[in-house]
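A short write-up of the structure that comes next.
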Amino acid sequence: RDYDRSPLEIEANTFASELLMPSVLIRPLCVDADPSLTLVNELAEQFRTSRTATAIRLVSESTRKCMVVYSENGRVKWWKRRDDATRLWLEKGQEIHPHSMAWECLKGLEVPDKMAPVPVEAWFNHLPFELHAEILEQSIRLGRFPGILTLLWIMQ
C-alpha cells in the first residue's frame with residue numbers, strides 16, 4: 001500500500017495526530033520554536049507520541065522552513081514539510097549524501113546532539129536552481145528500526 005497517497009490513511013493519520021497532539025496544545029509550542037530533535041524528544045515525551053509522529057507535527061506547525069526526512073538503507077524513503085513553507089523537495093529514493101549527518105548515522109559514526117550546518121549539496125543537489133541558504137541538520141538512528149530520522153532547517 002502507498003500510505004502517502006491513500007486518502008483513508010491520510011485521514012486516519014490526521015485524525016490520530018489531532019487526537020494525540022491537539023492543535024490547541026501543540027501549536028503554541030511549535031509555531032516560533034527553533035526546530036530540533038531535542039524539541040521533538042521533549043514534545044514526544046510530553047504528548048506520549050513517537051518521535052516520528054511528533055517531528056511531522058512540529059514541521060507542520062512551525063513557522064520555520066523545515067523538513068523531516070526518514071531514510072533507510074542509505075536512501076530517502078519519505079519526507080514531509082509544511083506545504084506553504086518552502087518550494088524545496090527531496091526525491092524519493094534519493095541517496096543519502098556523504099556530507100550529511102544522516103550518512104554519519106548510517107555509518108555508525110557519532111553525530112552532534114544539536115542542529116548543525118551541512119552543505120546545501122548534502123540534501124539539495126538535485127534542484128533545477130541554485131539554492132542560497134544555510135542548512136542545519138540533526139539526525140538520529142531510530143532505535144530498533146533500520147531507519148534514520150532527520151530534521152532539516154532551511155535558513156534563507
Side-chain angles (χ1 to χ4, degrees), residues 2-6 9-10 12-18 20-23 25-97 99-106 111-120 122-127 131 133-156:
D2 190 352
Y3 294 109
D4 286 343
R5 291 192 174 89
S6 165
E9 285 294 330
I10 293 169
N13 289 340
T14 302
F15 177 79
S17 178
E18 186 62 32
L20 297 172
M21 297 174 277
S23 295
L25 298 178
I26 200 163
R27 184 170 292 139
L29 303 172
C30 298
V31 168
D32 292 321
D34 291 343
S36 73
L37 291 178
T38 304
L39 177 58
V40 167
N41 288 337
E42 291 168 3
L43 294 171
E45 187 174 314
Q46 181 177 346
F47 288 94
R48 296 183 180 172
T49 52
S50 71
R51 281 189 225 169
T52 303
T54 307
I56 292 168
R57 192 60 188 256
L58 169 64
V59 165
S60 70
E61 296 292 349
S62 178
T63 55
R64 308 289 196 255
K65 293 180 181 180
C66 53
M67 304 171 89
V68 61
V69 182
Y70 177 78
S71 56
E72 281 184 359
N73 304 317
R75 295 192 175 275
V76 171
K77 187 148 178 139
W78 58 260
W79 58 273
K80 301 281 184 203
R81 65 171 161 77
R82 194 167 128 168
D83 288 338
D84 63 345
T86 180
R87 61 188 174 135
L88 302 178
W89 70 92
L90 298 175
E91 299 288 340
K92 189 174 183 180
Q94 172 179 324
E95 287 188 28
I96 300 301
H97 195 280
H99 293 139
S100 70
M101 287 184 206
W103 174 267
E104 293 177 10
C105 278
L106 178 67
V111 293
D113 61 354
K114 61 182 180 180
M115 298 292 277
V118 294
V120 169
W123 290 98
F124 299 105
N125 61 356
H126 62 282
L127 298 176
L131 176 62
E134 181 179 9
I135 308 298
L136 298 181
E137 177 185 348
Q138 190 175 5
S139 291
I140 55 168
R141 185 171 282 282
L142 288 175
R144 66 183 187 272
F145 299 103
I148 295 165
L149 187 68
T150 299
L151 192 60
L152 299 175
W153 184 4
I154 300 95
M155 303 176 78
Q156 292 179 297

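The analysis underlying the following values was restricted to heavy atoms, covering all of them including side chains, and did not include hydrogens, waters or symmetry mates.
Atom CH2 of Trp123 and atom CD1 of Ile154 lie 10.5 Å apart (nearest 0.5 Å). Going from atom CE of Met67 over to atom CG of Leu90 covers 4.0 Å, rounded to the nearest 0.5 Å. The distance from atom CE of Met115 to atom CG of Leu151, rounded to the nearest 0.5 Å, is 4.5 Å. Between the CG atom in Leu136 and the NZ atom in Lys114 there is a gap of 11.0 Å [rounded to 0.5 Å]. In this structure, CD on Glu72 lies 9.5 Å from CD1 on Ile148, to the nearest 0.5 angstrom. Taking CD1 from Ile135 and CD from Gln156, the interatomic distance works out to 7.5 Å, rounded to the nearest 0.5 Å.
Residues Val59 and Cys66 share a closest heavy-atom pair of CG1-O, 3.5 Å. The minimum heavy-atom distance between Ser50 and Thr54, with the atom names listed, is O-OG1, 2.7 Å. Between Arg141 and Pro146, the closest heavy-atom pair is NH1-O, 3.9 Å. A pairwise comparison of heavy atoms in Ala33 and Ser62 identifies O-OG, 4.2 Å as the closest pair. What you find for Met101 and Pro112 is that their closest heavy atoms are SD-CD, 3.8 Å. Minimum heavy-atom separation, Ala133 to Val120: O-CG2, 3.3 Å.
Annotation: side chain of Arg64 is in contact with side chain of Asp32 (closest heavy-atom distance under 4.5 Å). Between Thr38 and Asp113, the closest side-chain pair of non-hydrogen atoms is not below 4.5 Å. Looking at heavy atoms from C-beta onward, Ser139 lies out of side-chain contact with Glu104 at the 4.5 angstrom threshold. Between Leu106 and Ser71, every side-chain heavy-atom pair lies at or beyond the 4.5 Å cut-off. Counting heavy atoms from C-beta on, the side chains of Glu137 and Ser100 come closer than 4.5 Å. Annotation: side chain of Val118 is not in contact with side chain of Trp103 (no heavy-atom distance under 4.5 Å). Side-chain atoms of Gln138 and Val111, non-hydrogen and from C-beta on, never get closer than 4.5 Å to each other. Using a 4.5 Å heavy-atom cutoff, the side chains of Arg82 and Thr63 are in contact.
At a threshold of 4.0 Å, the pair Glu18-Arg57 counts as salt-bridged, since one of the basic side-chain nitrogens sits closer than that to a carboxylate oxygen.
Residues in residues 33-70 take part in these ring pair (Phe, Tyr, Trp, His ring centres under 6.0 Å) pairs, two or more places apart or across chains: Tyr70-Trp78. Applying the side chain to side chain donor-acceptor pair (under 3.5 Å) test to residues at least two apart or on different chains, the pairs with a partner in residues 39-48 are Asn41-Arg51.
Side-chain polar atoms of Gln94 and Trp79 form no donor-acceptor pair below 3.5 angstrom.
Only one option out of Ile56, Leu58, Ile26, Leu29 pairs with Met21 in a side chain to side chain contact (heavy atoms under 4.5 Å, CB included); it is Ile26.
In terms of the salt bridge (charged side-chain N to carboxylate O under 4.0 Å, His left out) criterion, Glu91 has no residue partners (sequence neighbours excluded).
For His97, the NE2 atom is densely surrounded, since the number of other residues' heavy atoms within 6.0 Å is greater than 12.
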